[in-house]
Amino acid sequence: MAKSEPPIGATRRARRTIGAAVAAMALALTACTGGGAPTTTPAAPDPGATATQQPAETRTLVVGATAEPATLDPTATDAAAGTQALLYNVFETLVRIDAEGHLKPLLAQAWDVSEDRLTYTFKLSPNARFSDGTPVTAEAVAANIDRIQNGTTAPKLKKAMSVVAATAVVDPTTIDITLTRPSVTWLFDMAGAAGIVMNPAGFAAANSETAGSGPLTLGRWLPGDSIVLEKNAQYWGTPARFDEVTFRYFKDPNAMNASMLSGQLDIISNLQAPETLAQFSDTSRFTVIEGSTDAEVTLSINNGATPEGVTPGTGNEALKDVRVRKAITMAIDRQALLDTVWFGKGTLIGSMSVPTDVWYEDLTGTHPYNPEEAKRLLAEAGHPQLTLRLQPAALPYASKAAQFVASQLGAVGITAQVEELQFPARWVDTVLQKADYDLSIVAHVEPRDVVTYANPAYYWRYDNPAVQEAVARADAGTVAEYEAEMRTASRLIAEDAAAVWLFALPNLVVTKTGVTGVPENANSSLAFDVTTIAKA
Amino acid sequence: MLARLGIFALSLALASVVIFVITQALPGDVAAVILGHGATAEQLAAKRAELGTDRPFVVQYLDWVFGMATGDFGRSWFSGLPVATLIGPRAEVTISLVVGGLLLALLIALPLGAVAALKRRQWPGFLTSTAAQVGMAVPAFWAGILLVFVFGVTLGWLPPNGYVPIGRDPVAWARHLVLPVTALGVVQAAVLVRYVRSAFLEVLGEDHYRTARSIGWTRWRALARHGVRNAALSLVTVVGLQLAAVIVGAIVIERVFVLPGLGSLLLDMVSQHDLAVVRGIVMLLVLAVLAINALVDVSYVLIDPRLRARESS
């Protein structure tokens, strides 16, 4: 889903693709990232940031955000909202993803991978402490993995952790984790919500209290308004630069802009109304950062697969025909759509991959805009006239895009009946769970989500053994194999027109002048990591 | 009195049935929303069993009603937090807004309405009536956006949005409420002015008013002695009815000013399909409206000595 909105099923554990390469490399070489340097610095301080110590006054940072968590336990639901405010700030993981997308040590000061790439040995930092002062031990790590696997946690995280066969506590600061098969993606998952190491003493009350080991702790939570984090005075690593960090939540982008303009906010974490960027053109007061995210705004097509054990969806039969799907792709002028829907901000993409993915190749020309050819394909497929349901999530970008798509489909003989689905409840139920749709529109925020096309039960209902094999080989392979196979999968789904990838959402950040260290691109762990941020 | 209590209880019971049936009919499955993608049929079934949403509707309904009767509003399906804990701090916001908005509306509408009635053939009367017409046509959210822009952003006198609990910082609480209360109150005042005006006009035509005037009382004195109490009777009715409109208006205003009140909680919980919380909020609102109506009934007796006499005889 879009950053802005409560993410759907879309889990927002993400990691930058460069990170993927680095990790894969680490695996391939059985290397030991950071092994030599027992760095306990949780965040590389931004060199440009002058963290002048002003102990006298309370140093505060106020961040405007859109998706408010329903629970303070980021492992309980699929929503990324909890991850955004709490991951790396309050909760820590064995490894983290930095602003450039590289895997870095966090609670683990070093790790080793066995020859067969099945056993990981993590050396925990001996100084690491939970906020109540108890040490972060190997037992605690094992208890958290067990909780993800067997507790009431989100299925997406359970799936990520399902490759773990066993954990073995070697000594209080050493743990061996054995996998059932080699997996490139597992270590990335360990840097996201699935890898959070919570204080086991806090498991029971995890939904309303936080028991982490990070530089900040929960101060107060005003549901519907804000989450205030306070400096953890006993933090084991580099102390937080702020005494108080507030995440304030806004449903309405204009209200968030008003807050920024009046000076209430230090940062807009991701501007939801690109047409309002001009309000922040005064460079003496504001800095605008335009980066990228992993979120693909996707016009999904019900491909009509009926895998075993899954209740069949209700997609229009015509959409099983690749010619019809190609025609839909070719009917839409995506540049014009981007200009209309998102003020021209964002990137055109031709598949479920974004330019920051290491395997990315430009596939925007695969089925280029050509309404005449689209009409010909439809006629050839025997559907010169076709009526389809178009059920976007009722979110601003999706509604706007749906109107545009409907008019363009109309020009080639496809009547799109637009019905917006309230988000998330109705959309999740109707489209994601039941595949009771023909076409839909929503943004998919998780990184490397091209792998969802390898799951025929996913709501695309797309069943292509070649894609499934490519994705399986990628995860089990070396770094080079991983990249090659992911590229293959991206290309296959593009050629097959398994969906129409409208555009990738930009990361539009506005900061007050004097605020530094905010990364250009959204962190692919989906955390809004404040540990790199400083304020003059 | 007993009859009134009986009607009150019956209304509540009926409302609970209606609320339960209507929310039950909302499409969506909370287990699916909570678990997200990748949930297996078994996991979904386990979640539904955990939440109790797999039980027959009648059982769920009775469980809910008997829970409320013992003060237990249940727990949020989504976060597992007690519904009462979620609603409590939100109710403070909405009550501040509704009470503030209504008081402001009365403060504006009473004097203006009186002027409009007394000077109805002179320019102040025309002016007030016209202003009220215009005010009624202004949607509260638009007034809100305008106030945010002028006083919050351009002039920077007041915070454009947000909320601070009164227990935390009463001054900040008041500052944050000025703009939303104004947006809500001014629009409501425009509605009320017309009722106040006609209520006073009615009084002006009464015999006792004419008598008071004829024995030499000034218009204002006559109105103050005989007018206000009589006008109050019809005004209390209108204000009681208008309260529902104020609560609806507050929901819109909460959105514009990013106030964490019951209205915004209600909208959020509907979109998450967290019916446990939705039902709690709606029930609370129904209870509030019924209680207000009961108070209106009681206040008739307090205002009107004739009714008191009738009741006691």
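Since the model is a prediction, treat every value here as computed from it, not as a measurement. Below, chains carry the letters A, B, ... as their sequence lines are ordered, and counting in each starts from 1.
No part of Asn257(A) comes within reach of chain B, as not one of its non-hydrogen atoms sits under 4.5 angstrom from that chain. For chain A, no part of Pro89(B) is nearby; none of its heavy atoms comes within less than 4.5 Å. Both the backbone and the side chain of Leu81(B) come within contact range of chain A, with heavy atoms under 4.5 Å apart. Heavy atoms of Val148(B) lying under 4.5 Å from chain A belong exclusively to its side chain. Looking at Val30(B), there are no atoms closer than 4.5 Å to chain A (heavy atoms on both sides), in backbone or side chain. Contacts of Leu421(A) with chain B are absent, with no heavy-atom separation under 4.5 Å from either backbone or side chain. Only the side chain of Leu44(B) comes within contact range of chain A, judged by heavy atoms closer than 4.5 Å. Proximity to chain B is absent for every atom of Lys434(A), based on heavy atoms less than 4.5 angstrom apart. Looking at Asp29(B), the atoms closer than 4.5 Å to chain A (heavy atoms on both sides) sit in the backbone and in the side chain alike.
For the atom pair Lys251(A) NZ and Leu267(B) CG, the distance stands at 9.0 Å (nearest 0.5 Å). For the atom pair CZ (Arg220(A)) and CZ (Arg168(B)), the distance works out to 3.0 Å, reported to the nearest 0.5 Å. A distance of 6.0 Å separates CD in Glu50(B) from OG1 in Thr152(A), rounded to the nearest 0.5 Å. In this structure, the separation between OG on Ser264(B) and CG on Asp252(A) is 12.5 Å, given to the nearest 0.5 Å. Ser79(B) OG to Leu72(A) CG: the interatomic distance, rounded to the nearest 0.5 Å, is 9.0 Å. Taken to the nearest 0.5 Å, the OG atom of Ser262(A) stands 7.0 Å off from the CG atom of Asn161(B).
Around CZ of Phe203(A), the count of heavy atoms belonging to other residues, nucleotides or ligands within 6.0 Å exceeds 12. For CZ of Phe149(B), the number of neighbouring non-hydrogen atoms (other residues, nucleotides, ligands) closer than 6.0 Å is 12 at most. Shown here is Phe286(A), whose CZ atom has more than 12 heavy atoms of other residues, nucleotides or ligands within 6.0 Å.
Heavy-atom minimum distance, Ala32(B) versus Gln433(A): CB-CG, 3.5 Å. Taking each heavy atom of Gln272(B) and Ala425(A) in turn, the nearest pair found is C-CB, 4.1 Å. Closest of all the heavy-atom pairs between Leu261(A) and Val153(B) is CB-CG1, 3.8 Å. Closest non-hydrogen pair, Phe78(B) versus Thr77(A), comes out as CE2-CG2, 4.0 Å. Arg248(A) approaches Gly162(B) most closely through the heavy-atom pair NH2-CA, 3.3 Å. The two atoms that bring Gln422(A) and Ser271(B) nearest to each other are NE2-CA, 3.2 Å, heavy atoms only.
Put simply, of Met269(B), His273(B), Arg255(B), the one with the most heavy-atom pairs under 4.5 Å next to chain A is Arg255(B).
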